[in-house]
Amino acid sequence: MRYQKPKGTADILPGASEKWQFVETTARELFKTYQYKEIRTPMFENFEVFSRTSGDTSDIVTKEMYDFKDKGDRHIALRPEGTAGVVRAFVENKLFGPEFNKPYKVYYMGPMFRYERPQSGRQREFHQVGVEAFGSDSPVLDVEVIAMAIAFFKKLGVSDLKLSLNTLGDKESRDAYRKALIDYLEPHFDELSEDSQVRLHKNPLRVLDSKDEKDQKFVADAPAILDYLTDEAKAHFEAVKMQLDQLNIDYVVDSTMVRGLDYYNHTIFEVMTQSKSLGHGYTTICAGGRYNGLVEELGGPEVSGVGFGLGLERLLLLLEDQEVAMMSDDALDVYVVGIGDAANQMTLPIVQAIREAGFSSDRDYLDRKPKGQFKTADRLNAKYTLTIGESELESQTANLKSMATGEEVSVSLTDVKQHFKETLEQNFNK
RNA sequence: GCGGUAUUGGUGAAGUUUGGUUAACACACCGGAUUGUGGUUCCGGCACGCAUGGGUUCGAGUCCCAUAUACCGCCCCA
C-alpha cells in the first residue's frame, strides 16, 4: 500500500457517514428551535488568534497546535477548537453592532486539529459541534446553553447523563482564589507530583485536575473557589443553579472542575455519561462555560459570551456503545434489469425517468446476465425490479416485479416514463 | 514528547516458538450448473506474494535494524 492517510486522520466511508449525518441533522434541528444560526469560519487562522485566547501556558498552545509558516511567511494554525475563530469572526464582522439581535447566537460543526498522539476517539483531525451566544451577562443564558446541550444528548437517546457544574468567578474572585490555592499548596511542594510542581505557579487551578494520587489527597482538602467568590460572582452562580432547578435539570457542583483553556470564567459545566467505550466511570462528553472578556481579548468591545463544544468522534463511539439506532433511508426503490444489447440501450432513460419521479433507481453497468442482475437487485435490497428484454421492447412494455412478494405485472413504458408513481400505486397499492 | 503491543488477500485470519518445494481454513465477491429472474446446493476462480526500506543467511512471512501506520498507557483533553 503506497499511500496512507496522515497519522491521526480518518476516512469516513459510506456506512459510517450516515451516522455522522444523523448526528449533525439532529443538532441542526435542535439548535434551530433555540434560534441558533450556523456560522462557518476558516479551518485555519493566524496563530495568534489561538495563542491569545487559549492562554500561553495551556498545552493546546505549547505542544498541541498544528501550526506552520505559509509561503508568505505567515504563522498559521489549524484551528484546535471552535470558539476562538468564532469570536474573531464576531469581532471582525462587527456582529456586536446595534443592528444585530442580542444575544447573538450561533453554532458550528466541523473539523478541528490537534497535534497529539492518536488514541481511541482522539485524533489529530477530529470534529466538534459547538454553540456560542454573545452579548448577555444573564445567568439565564448560561442555563439556556446548558439546557440545549442536555436536550441534544436526550434527543439522540443518550442515557445516564450527569451535569457537573462549577464557577471560576470573575477576575477578582479568581485572583483571590489563586493566591489562596498557592498558599495552601506551597508548603506541600515537595510532596506534589512533578507535573503539579510545574503547574503550581504557572496555573495552579490545574493542580485540582490532576489524576495523580499524590496530588489528590491535597486536592481533597484544598480551599474551594466557592469560598472566594465576590458577591457578584456568587449571585451569578446562585442564579444559574436556581434556573437549573426551575427546569428540573439535575446537577452536581464540582468545585475541583477546571478548564484546559484559560479564557473561561464564571459558569463552567460538563455533561458526563458512562460508557465502556470512553473509559471507566463517568467521562465528559461535552464541556462549556462562560468567557466574558474573550471578545475584548481579540480586539472587540466588552461583550460577554457563553457556549459549549463536544467531540463527534467520542459521541459516535458512545452512541454505538449505547446502541442508539441511527437509521438512514437509503433503500433502493427500483432496479432496472436490461436483457440484451438493444434493451440495455434503453434502460438508462427509464432509470432517469424513475429518478425524476422521486424514486431511487439504479441499473447494471457491468454487463451482467439477467441472473446476475437479479442477484444484484436482491443484494441492494431493491423493492422492485423493472425488467426490459426484447419482447418488452417490441410491445413497449416492461415487467414490474415486487421483490418482496414475487408478484409481477406488465406495464407500459409510457406509463413508467410519465407516471411512475401512479403506475406503482395502481399495481401494488402502495 | 515518552513507553508497550501489533502490521499476512476484499474480510476474519493460520503459519513466525524449531528460517527450507505450490502461503491453511472460512466468509465475501466473480463465473458456471442447456437459452430472460432473486434463496439453498454443487462446481470453478480469487495474495504483482506476507506494511515499507535495508541487513544476516546457500535460503526469510518466519532472525536483526530503521521508517511508517494502528491500538493501548503516560501527558493532556473533545
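Chain A is the first sequence line, chain B the second, and so forth, proteins listed ahead of strands; every chain is numbered from 1.
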Length of the CD-C1' vector between A:Gln373 and B:G36, whole Å: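 Interatomic distance, CD of A:Gln373 to C1' of B:G36: 10 Å.
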
Of A:Ala287 and A:Pro118, the one whose closest RNA chain B nucleotide lies more 5':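 Nearer the 5' end of the strand: A:Pro118.
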
Residue met sooner reading RNA chain B from 5', once A:Glu116 and A:Pro6 are mapped to nucleotides: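 The residue whose closest nucleotide sits nearer the 5' end is A:Pro6.
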
Side-chain-base donor-acceptor pair under 3.5 Å for A:Ser391 and B:G36: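 Side chain to base: pair present.
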
Quiz item: A:Glu392 side-chain donor-acceptor pair to B:G36 base, under 3.5 Å: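 Answer is yes: a donor-acceptor pair is held.
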
We want to know whether [X] and [Y] form a side-chain donor-acceptor pair, criterion being a heavy-atom distance below 3.5 angstrom.
{"X": "A:Glu132", "Y": "A:Thr83", "result": "yes"}
{"X": "A:Thr423", "Y": "A:Asp415", "result": "no"}
{"X": "A:Tyr66", "Y": "A:Glu125", "result": "no"}
{"X": "A:Arg178", "Y": "A:Tyr228", "result": "no"}

Residue A:Lys375, side-chain heavy atoms: nucleotide from B:A78, B:G38, B:G36 that is nearest: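 Nearest to the side-chain atoms of A:Lys375, counting from C-beta on, is B:G38.
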
Which nucleotide in B:G73, B:U69, B:G38 has an atom nearest any side-chain atom of A:Gln4: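 So the nucleotide nearest the side chain must be B:U69.
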
Nucleotide-level pairing of RNA chain B, given in dot-bracket where Watson-Crick and G-U pairs need both distances under 3.5 Å and | marks other strands: ((((((((.[[[..)....(....]]].(((((.......))))).....[[[[[..)....]]]]])))))))....

Ion pair check, A:Glu92 and A:Arg88, cut-off under 4.0 Å: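 Here A:Glu92 pairs with A:Arg88 in a salt bridge, since their nearest N and O are under 4.0 Å apart.
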
Lys/Arg N to Asp/Glu carboxylate O, A:Glu270 vs A:Arg259, below 4.0 Å: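 Yes.
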
Tell me whether the side-chain N/O atoms of [X] come closer than 4.0 Å to OP1 or OP2 in [N].
{"X": "A:Arg122", "N": "B:C71", "result": "no"}
{"X": "A:Arg117", "N": "B:C71", "result": "no"}
{"X": "A:Gln119", "N": "B:G73", "result": "yes"}

Within 6.0 angstrom of A:Arg40 CZ, more than 12 heavy atoms from elsewhere: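 Count not over threshold, so no.
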
Over 12 foreign heavy atoms within 6.0 Å of CZ, A:Phe126: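 It does: A:Phe126 CZ has more than 12 such atoms within range.
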
Sorted by number, the residues of residues 398-407 of chain A with heavy-atom contact under 4.0 Å to RNA chain B: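 Per residue number, the list reads A:Asn399, A:Lys401, A:Ser402, A:Met403, A:Gly406.
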
When the [atom1] atoms of [M] and [N] are compared, how many Å lie between them, rounded to an integer?
{"N": "B:A60", "M": "B:U17", "atom1": "P", "answer": "15 Å"}
{"N": "B:G9", "M": "B:A14", "atom1": "C1'", "answer": "13 Å"}
{"N": "B:G38", "M": "B:C46", "atom1": "C1'", "answer": "24 Å"}
{"N": "B:A24", "M": "B:G61", "atom1": "C1'", "answer": "14 Å"}
{"N": "B:G49", "M": "B:U7", "atom1": "C1'", "answer": "16 Å"}

Cation-pi, A:Tyr115 ring and A:Arg124 (6.0 angstrom, 45 degrees):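 Yes - A:Arg124 lies over the ring of A:Tyr115, closer than 6.0 Å to its centre and within 45° of its axis.
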
Contact summary for A:Phe50 and A:Glu81, nearest pair of heavy atoms: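 Result for this residue pair: CE2-O, 4.1 Å.
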
Check: A:Tyr384 ring centre within less than 6.0 Å of A:Phe428 ring centre: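 That pair passes the under 6.0 Å test.
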
Where do N or O atoms of nucleotides 32-34 of chain B meet protein N or O atoms at under 3.5 Å, pair by pair?
| residue | atom | partner | partner atom | Å |
| --- | --- | --- | --- | --- |
| B:G32 | OP1 | A:Lys369 | NZ | 2.6 |

